[in-house]
Enquirer: 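Please read through the structure below; I'll follow up with questions.
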Amino acid sequence: LSQTLCSNGSTQSVVFSSQVGGTSFQWDSLYVSPQVIGGLSGGNDSIPVHTLSSSNTTLDSAVYWVVPSAGGCSGDTSAYTFYISPEPQLVGTPDDTLCSGSNTQGIVFNSNVTGTSYSWVATSSSPNVSGYSSSGTGNIPSYTVFNSDAQLQSITYVVTPTANGCSGPNDTLVFYIQPAAIALASPSTQSLCDSSSTLAIQGSSTSNNVSFSWSLLSGNGIQGLQQSGNGNTIPSMTLYNSGTTSQVAQYVVTPSSGVCPGIPDTVSITVFPTPDAFSNPLSQTICSGGSFSIALSSSVSGTSFTWQPSAGVHITGGNSGSGTSISDTLFNTSLSDDTLQYTIVPSANGCAGNPIDAQVVVRPDAVISPINDTTVCELETIGPFNFSTTPSSSTVTWVSTNSNFMTPSTGTGNIPSFTVPSNNGSNPVSTQLIITPTYQGCVGINDTISVFVNPTPSVSTQPLSQTLCSNGSTQSVVFS
């Protein structure tokens, strides 16, 4: 004998019935709450459909009494009740205007009906608005909203309150999002060598009437950096990196347009160090025809090297090249020390360093003035043999190929006079004196003196007499 409906809702038709056939019914208003509008005063048979509303914030009611009659007899009076659930009303939340990139306020809903729940749907005026959820239930949490459009845009929330199964009228909440100027700095990255100048950095934005400021975020020991400034240009700067590793400086470029702070952009400038070069050894001496090796290194990682020998007049064999080690075989065609200089240029990250010079002193081949071969008789004294060398400070060693020919058979310096051995044979005997000049540890070109000792001739004819008669003829004498 009751039904429940939402305020401003329509009742269902109430058709009475009885176990007694032919029963008729009379109904009338028994009690209607003062906050209820739309109640009926009375009628016969069924209670028709009608609309009831209540301004109460709790469950309200309208009660009708019903009297059945049949055969002139009235039955017991009954009560039929319509329960009206209150319509939840949202407490209005003001709209808000904020800047792109800022946080919205968290929205907490309130209603005139206790226990009200909320659902909401959000739509934006532009696809360039982001950061929001398109739907949800309960309160709207704070979030960061972005408007990448150049114009003012909005997010509209339609909020529906519900209590006891009854939905109240929707409320509309609008967030207006001012566009934020977005900085675009160009070039955003650049790399340069120590003691070089940067490209000027230009700031721009898709928004109109934008002003810019810029400041140094980090310098990492780079010298020559400007700290801050206003305007859309970070001017060219000559920067210095005195270290051995690459360093990066960062600037932030901040736009401003109207009341809203802009979205900054960050630029990076990498400054490479100047590579140095070390030669090990820096100077060395070799003999003509000898080889050398120079190891190259740098305190800057990844350094490569190129080198070029000086144009030598008397030294040949020097070659230009690249790598981390120089190795050549050099010849000195002169008669004195000569020097070949290698100019070495380091390079790293496309940056050339200061060249260094490495020197190789090449000793000449010592040369001895030749002495003619000689032929003597046995037991004859010959010599001395005095040597003349170039360079004149060269030392001389000598050796006889026939160790029995002279004593001593080896020596240094000039060869003193000596007596050649006897030769009892019929053919000359000989030795070769091999003369070796040496200059500053470099062995020069040998010279050879051949000494021949002829045998002493004797008469071997026998007999050495003949006898003949007076007036007789001698025999021919042939000596041997």
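Positions are given from 1 along the sequence.
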Enquirer: Within a 6.0 Å radius of atom CZ on Phe292, are there more than 12 heavy atoms belonging to other residues, nucleotides or ligands?
Expert: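 Yes, enclosed.
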Enquirer: Quick check: closest heavy atoms across Ser393 and Tyr439, and the distance to 0.1 Å?
Expert: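 For Ser393 versus Tyr439, the nearest heavy atoms are OG-CE1, 3.3 Å.
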Enquirer: Just by distance, do the side chain of Asn147 and the backbone of Ile177 share a donor-acceptor pair under 3.5 Å?
Expert: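 Indeed, once roles are kept as given, a pair shorter than 3.5 Å links the two residues.
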Enquirer: I would like to know whether Tyr240 and Ile222 meet side-chain contact (heavy atoms from CB on, under 4.5 Å); could you show each step before the answer?
Expert: CA-CA 6 Å; Tyr240 304 90; Ile222 298 173; over 6 Å; no
Enquirer: One pair to check against side chain to side chain donor-acceptor pair (under 3.5 Å): Asp60 and Ser33. What are the steps and the verdict?
Expert: CA-CA 7 Å; Asp60 216 342; Ser33 168; 2.9 Å; yes
Enquirer: Below 4.5 Å, heavy atoms only, C-beta onward: do Ser293 and Ser325 meet side chain to side chain?
Expert: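 Side-chain contact under 4.5 Å: yes.
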Enquirer: To the nearest 0.5 Å, what is the distance between CD on Gln153 and OG on Ser126?
Expert: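 Answer for the CD-OG pair, Gln153 versus Ser126, is 4.0 Å.
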Enquirer: So, do Leu52 and Thr11 sit near enough that their side-chain heavy atoms are less than 4.5 Å apart?
Expert: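 In short, these two side chains touch, coming nearer than 4.5 Å.
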Enquirer: Is the shortest heavy-atom distance from the side chain of Pro86 to the side chain of Asn56 under 4.5 Å?
Expert: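 No; the side chains remain at least 4.5 Å from each other.
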Enquirer: Determine whether Leu98 and Val145 satisfy the following criterion, side-chain contact (heavy atoms from CB on, under 4.5 Å), listing intermediate values before the conclusion.
Expert: CA-CA 9 Å; Leu98 58 156; Val145 66; 3.5 Å; yes
Enquirer: Please test Ile155 against Thr123 for side-chain contact (heavy atoms from CB on, under 4.5 Å), starting from the C-alpha separation and ending with a verdict.
Expert: CA-CA 6 Å; Ile155 300 172; Thr123 56; over 6 Å; no
Enquirer: Kindly indicate whether the side chain of Asp338, heavy atoms from C-beta on, has any atom under 4.5 Å from the side chain of Val362.
Expert: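 They are not in side-chain contact.
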Enquirer: Search all heavy atoms of Pro255 against all heavy atoms of Val210 and return the closest pair with its distance.
Expert: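 Minimum heavy-atom separation between Pro255 and Val210: CB-CG1, 3.6 Å.
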Enquirer: May I ask you to decide if Ser195's main-chain N or O and Thr238's side chain share a donor-acceptor pair within less than 3.5 Å?
Expert: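 Absent.
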Enquirer: Would you say Gln151 has more than 12 foreign heavy atoms packed within less than 6.0 Å of its CD?
Expert: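 Open: at most 12 neighbouring heavy atoms sit under 6.0 Å from CD of Gln151.
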Enquirer: Testing the basics here: between Thr104 and Pro141, what is the closest heavy-atom pair and its distance to 0.1 Å?
Expert: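 The pair with the smallest heavy-atom distance is OG1-O, 4.1 Å.
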Enquirer: Around atom CG of Asn44, are there more than 12 heavy atoms of other residues, nucleotides or ligands at under 6.0 Å?
Expert: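 Counting neighbours around CG of Asn44, more than 12 heavy atoms of other residues, nucleotides or ligands fall under 6.0 Å, so yes.
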Enquirer: Among side-chain atoms of Tyr80 and Gln3, is any donor-acceptor pair under 3.5 angstrom?
Expert: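 Looking only at side-chain atoms, Gln3 and Tyr80 do form a donor-acceptor pair, the distance falling under 3.5 Å.
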Enquirer: We want to know whether Thr303 and Ser298 form a side-chain donor-acceptor pair, criterion being a heavy-atom distance below 3.5 angstrom.
Expert: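 Their side chains do contain a donor-acceptor pair, which is all the 3.5 Å distance test asks for.
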Enquirer: Has the side chain of Asn241 got a donor or acceptor atom that lies under 3.5 Å from a matching backbone atom of Gly243?
Expert: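 Side chain of Asn241 to backbone of Gly243, a donor-acceptor pair under 3.5 Å: yes, one is there.
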Enquirer: How long is the straight-line distance from CD1 of Ile47 back to OG of Ser29, given to the nearest 0.5 Å?
Expert: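 Interatomic distance, Ser29 OG to Ile47 CD1, rounded to 0.5 Å: 10.0 Å.
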Enquirer: May I ask you to decide if Val20's main-chain N or O and Ser18's side chain share a donor-acceptor pair within less than 3.5 Å?
Expert: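 Checking the backbone N and O of Val20 against the side chain of Ser18, a donor-acceptor pair under 3.5 Å is found.
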Enquirer: Flag the pair Ile286 / Val360 as yes when at least one side-chain heavy-atom distance between them is below 4.5 Å, and no otherwise.
Expert: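 Heavy-atom side-chain distance check passes, below 4.5 Å.
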Enquirer: Would you say Gln12 has more than 12 foreign heavy atoms packed within less than 6.0 Å of its CD?
Expert: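 Counting other residues, nucleotides and ligands, CD of Gln12 stays at 12 neighbours or fewer.
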Enquirer: Determine whether the side chains of Thr116 and Ser111 contain a donor N or O and an acceptor N or O closer than 3.5 Å.
Expert: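 Indeed, the side chains of Thr116 and Ser111 share at least one donor-acceptor pair under 3.5 Å.
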Enquirer: Donor-acceptor check, side chain of Gln190 to backbone of Thr270, threshold 3.5 angstrom: yes or no?
Expert: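 Absent.
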Enquirer: State yes or no: are the ring centers of Phe175 and Tyr157 separated by less than 6.0 Å?
Expert: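 Yes, close enough.
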Enquirer: Among Ile294, Asp357, Ile326, which residue satisfies the side chain to side chain contact (heavy atoms under 4.5 Å, CB included) criterion with Ser279?
Expert: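 Exactly one pass, corresponding to Ile294.
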Enquirer: Would you say the side-chain atoms of Asp276 and Ser299 include a donor-acceptor pair closer than 3.5 Å?
Expert: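 The criterion, which ignores hydrogens and geometry beyond distance, is satisfied for Ser299 and Asp276.
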Enquirer: Looking at every heavy atom in both Ala185 and Asp265, which two are closest together, and how far apart are they?
Expert: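 Nearest pair, atom of Ala185 first, then Asp265: N-OD2, 2.9 Å.
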Enquirer: Answer yes if the side chains of Asn103 and Thr144 hold a donor-acceptor pair under 3.5 Å, and no otherwise.
Expert: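 There is such a pair (donor and acceptor under 3.5 Å, judged by atom type) between the side chains of Asn103 and Thr144.
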Enquirer: Rounded at 0.5 Å granularity, tell me how far CD in Gln226 sits from CG in Leu216.
Expert: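 That separation rounds to 10.0 Å.
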Enquirer: Let me see the working for Gln202 and Ser186 under side chain to side chain donor-acceptor pair (under 3.5 Å), right down to the final yes or no.
Expert: CA-CA 5 Å; Gln202 300 293 331; Ser186 179; over 6 Å; no
Enquirer: If we ignore hydrogens and angles and just use 3.5 Å, is the side chain of Asp95 paired with the main-chain N or O of Tyr176 as donor and acceptor?
Expert: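 Judged by distance alone, no pair lies under 3.5 Å.
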Enquirer: Report yes if the side chains of Trp120 and Ile140 come closer than 4.5 Å at any heavy-atom pair, otherwise no.
Expert: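 They are in contact (side-chain heavy atoms under 4.5 Å apart), so the answer is yes.
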Enquirer: For residues Asp76 and Pro68, report the shortest heavy-atom separation together with the two atoms involved.
Expert: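 Nearest pair, atom of Asp76 first, then Pro68: O-CD, 3.2 Å.
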Enquirer: Any non-hydrogen side-chain atom of Phe272 less than 4.5 Å from a side-chain atom of Gln247?
Expert: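 Heavy-atom side-chain distance check fails, nothing below 4.5 Å.
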Enquirer: When the aromatic ring centroids of Phe82 and His50 are compared, is their separation below 6.0 Å?
Expert: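 That pair passes the under 6.0 Å test.
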Enquirer: If every non-hydrogen atom of Ser394 is compared with every non-hydrogen atom of Thr390, which pair is closest and at what distance?
Expert: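 Answer, listing the atom of Ser394 first, then Thr390: OG-C, 4.1 Å.
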Enquirer: State, without any angle test, whether Gln341 and Thr343 hold a side-chain donor-acceptor pair at a distance under 3.5 Å.
Expert: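 There is no such pair (donor and acceptor under 3.5 Å, judged by atom type) between the side chains of Gln341 and Thr343.
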Enquirer: Are a donor atom and an acceptor atom from the side chains of Ser85 and Asn164 found within less than 3.5 Å of each other?
Expert: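 No - no donor-acceptor pair under 3.5 Å links their side chains.
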Enquirer: Backbone N or O of Asn170 within a donor-acceptor pair of the Thr160 side chain at under 3.5 Å?
Expert: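 No: the side chain of Thr160 does not pair with the backbone of Asn170.
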Enquirer: Please test Ser46 against Val14 for side-chain contact (heavy atoms from CB on, under 4.5 Å), starting from the C-alpha separation and ending with a verdict.
Expert: CA-CA 5 Å; Ser46 63; Val14 180; 5.7 Å; no
Enquirer: Hey, could you give me the OG1/CD distance between Thr97 and Gln178, rounded to the nearest 0.5 Å?
Expert: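 If I round to the nearest 0.5 Å, the distance is 6.5 Å.
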Enquirer: With no hydrogens and no angle check, is any side-chain donor or acceptor of Asn332 less than 3.5 Å from a backbone partner on Ser336?
Expert: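 Yes, Asn332 side chain to Ser336 backbone: donor-acceptor pair under 3.5 Å.
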Enquirer: Supply the atom-to-atom distance Ser257 OG to Asn208 CG, rounded to the nearest 0.5 angstrom.
Expert: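 Result: 7.5 Å between the selected atoms.
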Enquirer: Would you check if the side chain of Ser125 reaches a backbone N or O of Ser154 as a donor-acceptor pair within less than 3.5 Å?
Expert: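 Confirmed, Ser125 side chain pairs with Ser154 backbone.
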Enquirer: Got a donor-acceptor contact below 3.5 angstrom from the Ser133 side chain to the Ser135 backbone?
Expert: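 Judged by distance alone, no pair lies under 3.5 Å.
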Enquirer: Can you tell me if Ser291 and Thr329 form a side-chain donor-acceptor pair at under 3.5 Å?
Expert: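 Indeed, the side chains of Ser291 and Thr329 share at least one donor-acceptor pair under 3.5 Å.
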Enquirer: Can you tell me how the ring of Tyr64 sits relative to the ring of Trp27, calling it parallel under 30°, perpendicular over 60° and tilted otherwise?
Expert: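 Ring orientation, 0 to 90° scale: perpendicular.
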Enquirer: Any side-chain heavy-atom pair from Ile269 and Leu192 closer than 4.5 angstrom?
Expert: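 When only atoms from C-beta onward are counted, Leu192 and Ile269 do touch, with a gap below 4.5 Å.
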Enquirer: Working to the nearest 0.5 angstrom, can you tell me the gap between Asn8 CG and Ser54 OG?
Expert: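 The OG atom of Ser54 is 9.5 Å from CG of Asn8, to the nearest 0.5 Å.
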Enquirer: If you take the centroid of each ring, where Trp contributes its six-membered ring, are Tyr118 and Phe109 closer together than 6.0 Å?
Expert: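 Yes, close enough.
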